[in-house]
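Notes follow the structure.
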Amino acid sequence: MSFPYQIRSFDEYKAAYKKSVDDPEGFWAGIAGHFYWRKRWDKVLDWNFREPKIEWFKGGKLNITENCLDRHLGSFGNRPAIIWEPNDPEEHHRVLTYRELHNKVIQFANVLKNNGIRKGDRVCIYMGMVPELAIAVLACARVGAIHSVIFGGFSAQSIADRIIDANAEFVITCDGAFRGNKEIPLKNVIDDALVQCKFVKRVIVLTRTRTPVSMIKGRDVWWEDEIKKVETMGHPDYPAEEMDAEDPLFILYTSGSTGKPKGVVHTSAGYMVYTNYTFVNVFQYQPGDIHFCTADIGWITGHSYIVYGPLSAGATSLMFEGIPTWPDAGRFWDIVEKHKVNVIYTAPTAIRSLMGFGLEPLKGKDLSSLKVLGTVGEPINEEAWHWYDEHVGKKKCPIVDTWWQTETGGVMISNLAGITPAKPTYATLPMPGVQPVLVDEKGEEIEGNDVSGNLCIRFPWPSIIRTTYGDHERCRTNYFATYENMYFTGDGCHRDEQGMYRITGRVDDVLNVSGHRIGTAEVENAINMHAGVVESAVVGYPHDIKGQGIYAYVIYQGSHGDDNLSRQDITQTVSRIIGPIAKPDKIQFVTGLPKTRSGKIMRRILRKIAEGETEQLGDTSALLDPGVVDEIRNGKL
Ligand code: 6R9
């Protein structure tokens, strides 16, 4: 496959950018024309940010899996689509060519059909990082069912909330998952979740760990048995369901500043065009390259840059089941050497954690296949950037610092590897089609360079969020109501003298812990469920490896006299309600919280104390009881 829309020089970038602003419809139509459509669109774009209502490639008919699989079979059916590296390096890796992946997706699409799954149904997928996860995702897309993948680290309660919100009647899971030296009993977690979800009709269970599981008669079936049934039917084909350009492709839940996670909805055509375009351009993908994105498919990065972006481009996508530090901190480098990886795309938190092990794990590892390094998920600090550059890229590989969000579907601001300039800690320049704006507190645009403000986007790009599942008003108020006629990202941003963008972090009550988004309100709700907790306030604080850690101030009356045990009890509750990723790093017991006269918690003060800046707390005169601040300050952990 060749990509006529691959940008090959800085001048070409400037020309593409200019065209994308002057004539967005012409620009995106030119790119969309290179995909396989059952029927071309009638209108490229219809939009308003008021409702919001955004429609790309209106009237177009397609199926994304025909673009990810079928159209590649003629010229390179034998090219590896997925290389799978297991958790245990002693176990054999697996390679699925495009033809094999196509066959398996068709097979599983038939399984979905046999189990009553139809176009528009919501399917919850809760699996480890095995090739069958990608197969399940693509099979849903093939039959037109809407997948909702849930990361394996979420608790039963979180899963139940998401299944209920999406009204998903079908679940696909594994008996268990291997991660490092742990075995996570996924099916057991699903069973706990489904106690609250009696409407779930079918659970399809893949065997991976041979963890003992209970299978409920009439509800639960084994993946392998269902495949056998399809085989005895003589391997029927599954012609892809014809989807409208704006039919939902998936729901992915993410945290916001309110307590309840939001189901971000992406649709077929725009998401496909944009993830492909950014994949090809940001990473400068060349046919035959092996692309290793270390994210989990449970996050948007995995959706866009393990599954849909690479496969729609006919690339080879490497999927890794395990973690970077097991069996030792050289695992990523072993994988790079073993599979001759060309592009590695990971998170700053992983880089910082590996830095902590020194250079020993890199010794003797052949990383010469690497051409491009990428980072995503949180701001990258200068030290981590240079370590990545020197010790992994050997100063020969461009680093792409890609800023984007679950809601944006694909990369928004990033340099293009080796094509546009890089600058440490800067995401640099917007992708063609992306029009960033900085605004001040009053919503006034801040023009010129060397300025900072809240980051908004002025014009729709093809993979912009369409709605939050089941609650369109929530989508409007969250993203489109803060500033008129703009999409608000929730991030703060600096634009330097040359017009390059540096993301400085969230300006709302969302934390970024090890690259995972967690709402402070979500954690507070979980803490408050613990018996004896009267009230709590959660803030972030700088953490060497995680980027941000979780600091909780808790008013607690249930103490059994052992503060450490009480902290563990509370942590356990958070783990049960949300999942281990949301566990507070520090819990400070307090007798009161700093509140304004109107009863609002002054988080600014709590944030300062958690950051250790106990002396410069700023103006505390608006507080109802300024004395409480001294108590909190003196008790700081
Ligand atoms: C893709 C993804 C989105 C939030 C986003 C921002 C932060 C992501 C970043 C970055 C600085 C980068 N973020 N990439 N901050 N530099 N290169 O991570 O999506 O999980 O929705 O998180 O992550 O704060 O708003 P998501």
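We count ligands from 1, going down the list as the structure has it; atoms in each ligand are counted the same way. All values reported here derive from a predicted model rather than from experimental measurement.
In summary, Asp496 and Lys423 engage in a salt bridge, as defined by a charged side-chain N under 4.0 Å from a carboxylate O. Electrostatic pairing of Asp471 and Lys262 does not count as a salt bridge here, judged by no charged N lying under 4.0 Å from a carboxylate O. Looking at Glu611 and Lys608, no side-chain N of the basic residue comes within less than 4.0 Å of a carboxylate O on the acidic one, giving no salt bridge.
A perpendicular orientation is assigned to the rings of Tyr487 and Trp461, their planes being inclined by more than 60° (bins at 30° and 60°). Aromatic ring pairs are classed by plane angle as parallel below 30°, tilted from 30° to 60° and perpendicular above 60°; the pair His266 and Phe250 is tilted. Using a 30° and 60° split on the angle between ring planes, Phe279 and Tyr305 fall in the parallel class, below 30°.
Only one option out of Phe35, Trp28, Phe27 pairs with Tyr274 in a ring pair (Phe, Tyr, Trp, His ring centres under 6.0 Å); it is Trp28.
The distance from ligand 1 to the heavy atoms of Thr301 drops below 4.0 Å at these ligand atoms: 1 (C). Each of the following atoms of ligand 1 lies closer than 4.0 Å to a heavy atom of Ile503: 11 (C), 15 (N). Atom numbering of ligand 1 starts at 1 in the shown order; those under 4.0 Å from a heavy atom of Asn512 are 7 (C), 23 (O). If you number the atoms of ligand 1 from 1 as listed, the ones under 4.0 Å from a heavy atom of Thr402 come out as 9 (C), 12 (C), 14 (N), 17 (N). Counting the atoms of ligand 1 from 1 in the order shown, those under 4.0 Å from a heavy atom of Ile300 are 1 (C), 19 (O). Atom numbering of ligand 1 starts at 1 in the shown order; those under 4.0 Å from a heavy atom of Val376 are 1 (C).
Heavy atoms of Thr406 found under 4.0 angstrom from ligand 1 belong to the backbone as well as the side chain. By the criterion of a heavy-atom distance under 4.0 Å, neither the backbone nor the side chain of Ile380 is placed next to ligand 1.
Seen from the ring of Phe480, Arg50 does not count as a face-on cation partner, given the 6.0 Å and 45° thresholds.
For atom 24 (O) of ligand 1, the closest heavy atom belonging to the protein is Asp491 OD1, 2.6 Å. Nearest non-hydrogen protein atom to atom 12 (C) of ligand 1 is Glu378 O, 3.5 Å. Closest to atom 22 (O) of ligand 1 among all protein heavy atoms lies Arg517 CD, 3.1 Å.
If you take CZ on Phe154 and CD1 on Ile159, they are separated by 9.5 Å, rounding to the nearest 0.5 Å.
When the options Tyr305, Trp404, Tyr426 are ranked by their closest heavy atom to atom 3 (C) of ligand 1, first place goes to Trp404. Considering only non-hydrogen atoms, atom 7 (C) of ligand 1 lies nearest to Gly377 out of Pro348, Gly374, Gly377.
When only interatomic distances are considered, the shortest N/O to N/O separation between Gln405 and ligand 1 falls below 3.5 Å. For ligand 1, the polar-atom distance check against Asp401 finds a nitrogen or oxygen pair separated by under 3.5 Å. Considering backbone and side-chain atoms alike, Thr489 places every N or O at 3.5 Å or more from each N or O of ligand 1.
Proximity of Leu373 to Tyr345: side-chain heavy atoms (C-beta onward) are nowhere separated by under 4.5 Å.
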